[in-house]
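What follows is a single structure, written as structure tokens, with notes after it.
Since the model is a prediction, treat every value here as computed from it, not as a measurement. The figures here come from the full heavy-atom set of this structure, side chains too, leaving out hydrogens, waters and symmetry mates. A note on names: the letters A, B, ... follow the listed sequences, proteins ahead of strands, and every chain is numbered from 1.
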Amino acid sequence: MKKVKVFITLKESVLDPQGQAVKESLHNMDYKNVNDVRIGKYIELEIEDSANLHQQIEELCDKMLANTVIENYRYEVLEEVQS
Amino acid sequence: MKAAVIVFPGSNCDQDMFYAIKEGLGEEVEYVWHTETSLDGFDAVLIPGGFSYGDYLRSGAIARFANIMPAVIQAAKEGKPVLGVCNGFQILLEAGLLPGAMLRNRDLKFICETVPLKVVNPNTQFTSEYKQDEIIQIPIAHGEGNYYCNEETLAELKANNQIVFTYDSQNPNGSLADIAGIVNKEGNVLGMMPHPERAADLVLGNDDGLKLFQSILKHWRDYHAAYTS
């Protein structure tokens, strides 16, 4: 069993109003050195290992976990986890 | 004409949609639960608003893989009218039946109010009863109606006259090019954020949305008459 961490973020070309609101708030709290805030999603999967694991992860990200019209994703595969 | 109203767990405008067809048009209509796999015998497919699957992951992302969806995609390919309103629009985008995606509203608020829309393309099977640039009052109720697509897609939408409704005077959600509703290239799939089914009876003070359903019926009758004669 592998643990997979999937990180989903809005594309650079897409305005992130949530991130903008958080950035404004951080500035109001005097963290003026925060130049940008982008909010995304973090998803953990536990998947049975297979020869085409990477292909499978990319497929399910493209099909469902991310909407590639507006989002990018990257993932990390961690070593065996106890099932 | 016999219309199907697709019902997902979390749909909440299904009864209004049903009412618009049954009482507004006096035509046949049935609810179709998301676990069904066939839409045989239906002439039109209506995907109502709401919060299918609680909007988990993204609006429409899970509904898009419901058992009924291959039949919806099949109906669209056969040229049957497919209308998605609000969450229905989001589902059509996720399913790839329409181009683009929805972002959260510009001001991050859920907006529930009646807004003026401009009918920028009355030459579709959903809008033939409206006049060019007619201004109609239709309610919106959404948190993610900020339509987005890339520049090439926008150019294509414009070139093919696929933009059907735009927000007039004031854009409530920040949508690209003031887009409120678009059709596919073939013109038989319409997605729109505003709710025509909530403005389809004067008892509720507004029937500006009724002409949309009358347009669908008119097209069906014209097509059906041509087909059977």
Q) Using 4.0 Å as the upper bound for N to carboxylate O, is an ion pair formed by Arg58(B) and Glu94(B)? A) yes
Q.
Assess whether a salt bridge exists between Glu44(A) and Lys3(A), defined as any Lys/Arg side-chain N lying under 4.0 Å from an Asp/Glu carboxylate O.
A. yes
Q. What is the minimum heavy-atom distance between Cys86(B) and Ala141(B), and which atoms define it?
A. SG-O, 3.5 Å
**Q.** Toward chain A, the part of Arg106(B) with a non-hydrogen atom under 4.5 Å
**A.** backbone
Q: Measure distances from Ile8(A) to the heavy atoms of chain B and classify the residue's part below 4.5 Å as side chain, backbone, both or neither.
A: neither
Q.
Checking side-chain contact (heavy atoms from CB on, under 4.5 Å) between Tyr148(B) and each of Leu103(B), Ile179(B), Leu154(B), Thr153(B), which is the one that passes?
A. Leu103(B)
Q. So what's closer than 4.5 Å to chain B heavy atoms on Gln20(A): side chain, backbone, both or neither?
A. neither
Q.
Please determine whether a side-chain nitrogen of the Lys or Arg among Lys41(A) and Glu71(A) lies less than 4.0 Å from a carboxylate oxygen of the Asp or Glu.
A. yes
Q: Counting only heavy atoms closer than 4.5 Å, note whether Asn105(B) contacts chain A via side chain, backbone, both or neither.
A: backbone
**Q.** Engaged part of Lys63(A) at the chain B interface, taking heavy atoms whose separation is under 4.5 Å
**A.** both
Q) So which of Asn150(B), Leu57(B), Ile62(B) has the largest heavy-atom pair count under 4.5 angstrom toward chain A? A) Leu57(B)
